[in-house]
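Sequence positions, counted from 1, serve as the residue numbers for this chain.
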Amino acid sequence: MRCLCFGPAAMLLLAAATPVAAQRAAPVAVAAGEAVRLGGAQRAAAVAAISVAIQRQYVFPQRVPAITARLQAGLASGRYDLEDPRAFAARVTDDLRAASGDRHVYLNYAPDEYAATLAAERPGGVGDTSAVDVLRGHQAARANHGLAELRILPGNIRYLRITGFQWIDDQTGAVYDDAMRFLRGGDALIIDLRNNGGGSHAAVRYLLSHFMDGDRLDITFLRSGAEPEQSRTLEYLPAGRLKRQPLYILVNDQVGSAAEAFAYDVKQFKLGTLVGTTTAGAANNNGFTPVAPGFMLSVSFGRPVHPVSGTNWEGVGVPPDVSADFDRALPAAQALALRRLMARADASPGDQADWRWALPVVEAQLHPVSIPAPRLAALAGTYDGRKIVPREGALYFERRNGISSRLLPLTEDGWFAVDGYDDRFRIRLTGSTMETQWIDEPAPTKLVRDAPAILR
């Protein structure tokens with residue numbers, strides 16, 4: 001089985017498709033139950049089993065002596081004298097990664113999957129593979145197969161957040177089809193991969209195929225002693241291809257493995273723009289081995305080679321095209337998309353107006369507008385019966401029914417969004433007038449400030 005995932009926290013599932021796309025991802029989380037305590041003999045046996053698996057399976061034989069020596073030193077020094085299996089797994093993982101420099105080499109405590117794997121592997125236990133399938137399928141269904149969020153952002157930018165590249169045969173494809181149909185209606189597309197630890201190459205290939213022609217070489221998997229295996233884009237997609245809209249991918253340093261593979265494809269094939277920070281740099285293909293009394297050991301057994309670069313992202317990650325920290329990556333991508341859309345000469349006036357309306361909100365997120373308190377106080381007042389009230393360092397729009405909404409500064413010249421109106425309504429204050437405008441109105445309505453009451 002081939003996996004493109006990294007990190008003990010990556011709760012990703014089995015992916016079985018064509019032989020080249022068959023992947024195995026990190027074991028699923030175990031439900032809380034009775035505490036298990038490790039004894040010294042169990043810890044020593046686990047370290048011995050891990051060393052054997054590394055010697056037999058690891059893709060880079062020259063690193064094996066350093067890894068096994070690090071494990072033996074940890075055991076001899078008392079570094080692994082921990083009763084908590086999760087703490088033991090975390091400490092072993094630290095040493096495995098320090099000695100190998102490989103994010104795909106780690107130990108998870110996952111007794112449910114450990115038991116299911118042993119049942120499937122023992123003689124006569126072939127039929128028990130359903131226990132593993134059920135375990136992974138249940139987790140995938142609860143996570144909507146990693147497709148966690150779909151949104152329509154201002155300006156009809158369609159947004160998809162993928163938390164993990166999970167794949168369950170005859171199930172996950174339909175979930176992707178629905179998401180792709182949603183994206184098809186957008187003027188531009190943003191796919192958010194931030195904090196996505198990876199998963200199944202089958203899911204990556206399915207997603208990637210929507211942005212490329214069919215039967216294109218995507219990646220080649222190399223393994224010592226085996227023939228190279230090619231992965232190619234799919235020729236038939238129920239939702240069709242998505243090649244006309246500008247594409248933006250959000251990335252950060254927690255994006256690993258299969259998620260990096262998709263980001264790397266986007267960059268190498270020039271399918272879109274990466275926004276964020278450089279990814280983790282975990283490219284190797286990994287599989288899992290059960291280790292008593294309830295662990296799953298991830299070991300890299302192969303490596304991918306991209307047809308464009310002739311290499312991969314191991315140890316270096318995938319750099320963004322546009323740098324942005326986590327909090328600014330989404331609005332930065334929105335701003336890029338809106339400016340690109342506004343440059344279209346073939347767009348309708350209505351679409352152009354929609355994009356122009358959306359841009360100030362995004363710009364205000366990237367470059368917050370701060371209005372000094374004296375100026376805010378000068379803008380407060382009553383405008384044709386509509387009240388603007390200063391409160392706690394901000395302005396509030398008070399409606400005739402007594403409900404008030406905070407005004408959110410958009411521009412230096414006095415335009416505000418109105419909290420709770422979903423950016424459909426805006427107000428501009430000059431001190432002498434208030435201009436109100438709904439998103440579907442061609443021009444604002446101007447209201448003159450009421451004269452102050454004369455006290456007698």
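Proximity of F416 to I388: side-chain heavy atoms (C-beta onward) are nowhere separated by under 4.5 Å. At a threshold of 4.5 Å between non-hydrogen side-chain atoms, the residues L222 and P228 count as touching. Side chains of R161 and N196 form no contact here, defined as non-hydrogen atoms less than 4.5 Å apart. Put simply, the side chain of D253 does not reach to within 4.5 Å of the side chain of T278, judged on heavy atoms. Counting heavy atoms from C-beta outward, I191 and L247 have side chains that approach closer than 4.5 Å. Put simply, the side chain of I219 reaches to within 4.5 Å of the side chain of H201, judged on heavy atoms. Between T220 and P307, the closest side-chain pair of non-hydrogen atoms is not below 4.5 Å. Counting heavy atoms from C-beta on, the side chains of L274 and T279 never come closer than 4.5 Å.
Of the inter-residue distances, the one linking Y159 atom OH with L330 atom CG reads 6.0 Å to the nearest 0.5 angstrom. Here the CD atom belonging to E441 is positioned 11.0 Å from the CD1 atom belonging to I439, to the nearest 0.5 angstrom. Here the CG atom belonging to L207 is positioned 5.5 Å from the CZ atom belonging to F165, to the nearest 0.5 angstrom. Atom CZ of residue R232 and atom CZ of residue R216 lie 9.0 Å apart, to the nearest 0.5 angstrom. L250 CG to T277 OG1: the interatomic distance, rounded to the nearest 0.5 Å, is 10.5 Å.
In this structure, D170 places its CG atom where only 12 or fewer heavy-atom neighbours from other residues, nucleotides or ligands lie under 6.0 Å away.
S257 contributes no side-chain N or O that, together with a main-chain N or O of G198, makes up a donor-acceptor pair within less than 3.5 Å. Using modelled atom types, one side-chain atom of E260 and one backbone atom of A280 make a donor-acceptor pair closer than 3.5 Å. Panel note: side chain W355, backbone G155; a donor-acceptor pair is recorded below 3.5 Å. Here the side chain of D419 pairs no donor or acceptor atom with the backbone of L408 at under 3.5 angstrom. Under a 3.5 Å cut-off, the side chain of T233 and the backbone N or O of D215 do form a donor-acceptor pair. Checked by atom type and distance alone, the side chain of Q352 pairs as donor or acceptor with a backbone atom of R344 at under 3.5 Å. Here the side chain of N285 pairs a donor or acceptor atom with the backbone of R303 at under 3.5 angstrom.
None of L183, L242, L153, L150 except one satisfies the side-chain contact (heavy atoms from CB on, under 4.5 Å) rule with R158; the exception is L183.
Ring orientation note: the planes of Y206 and W167 are tilted relative to one another, at an angle of 30° to 60°. Between F425 and Y421, the angle of the ring planes lies from 30° to 60°, which puts this pair in the tilted group.
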Quick one, N195 with N252, criterion side-chain contact (heavy atoms from CB on, under 4.5 Å). Give me CA distance, side-chain angles, the key distance, then yes/no.
CA-CA 7 Å; N195 296 339; N252 70 343; 2.8 Å; yes
What's the verdict on side-chain contact (heavy atoms from CB on, under 4.5 Å) for W357 and D423, showing C-alpha distance, side-chain angles and the deciding distance? CA-CA 9 Å; W357 179 275; D423 193 40; 3.4 Å; yes
Review point. Taking it one step at a time, do R103 and R97 satisfy side-chain contact (heavy atoms from CB on, under 4.5 Å)?
Key: CA-CA 6 Å; R103 298 289 294 271; R97 287 179 167 173; 4.0 Å; yes
Requested in this report: Begin with the C-alpha distance, continue with both residues' side-chain angles, and end with the deciding distance and a verdict on side-chain contact (heavy atoms from CB on, under 4.5 Å) for I157 and I152.
Outcome: CA-CA 6 Å; I157 298 173; I152 302 177; over 6 Å; no
Walk me through whether H210 and Y176 qualify under ring-ring contact (aromatic ring centres under 6.0 Å, His included). CA-CA 10 Å; H210 290 84; Y176 270 91; 7.5 Å; no
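Closest of all the heavy-atom pairs between H104 and A282 is CE1-O, 3.3 Å. Minimum interatomic distance between V266 and G272 (heavy atoms only, all atoms of both residues): CG1-N, 3.5 Å.
For the salt bridge (charged side-chain N to carboxylate O under 4.0 Å, His left out) condition, the pairs that include at least one residue of residues 233-252, sequence neighbours left out, are D213-K243. For residues 244-276, the ring pair (Phe, Tyr, Trp, His ring centres under 6.0 Å) pairs, not counting sequence neighbours, are Y264-H306, Y264-W313, F269-H306. Among pairs with a residue in residues 362-390, those fulfilling salt bridge (charged side-chain N to carboxylate O under 4.0 Å, His left out) read R339-E363, D384-R386, at least two apart in sequence or across chains. Counting only residues at least two apart or on different chains, the salt bridge (charged side-chain N to carboxylate O under 4.0 Å, His left out) pairs with a member in residues 184-193 are D192-R194. Residue pairs meeting the salt bridge (charged side-chain N to carboxylate O under 4.0 Å, His left out) criterion with at least one partner in residues 307-331, sequence neighbours excluded, are K267-D321.
Every side chain to side chain contact (heavy atoms under 4.5 Å, CB included) that D178 has, sequence neighbours left out, goes to R181.
For an aromatic pair to be called close, the ring centres must be under 6.0 Å apart, and F88 with F295 satisfies this.
Side-chain contact, D102 with N284: a donor N or O sits under 3.5 Å from an acceptor N or O.
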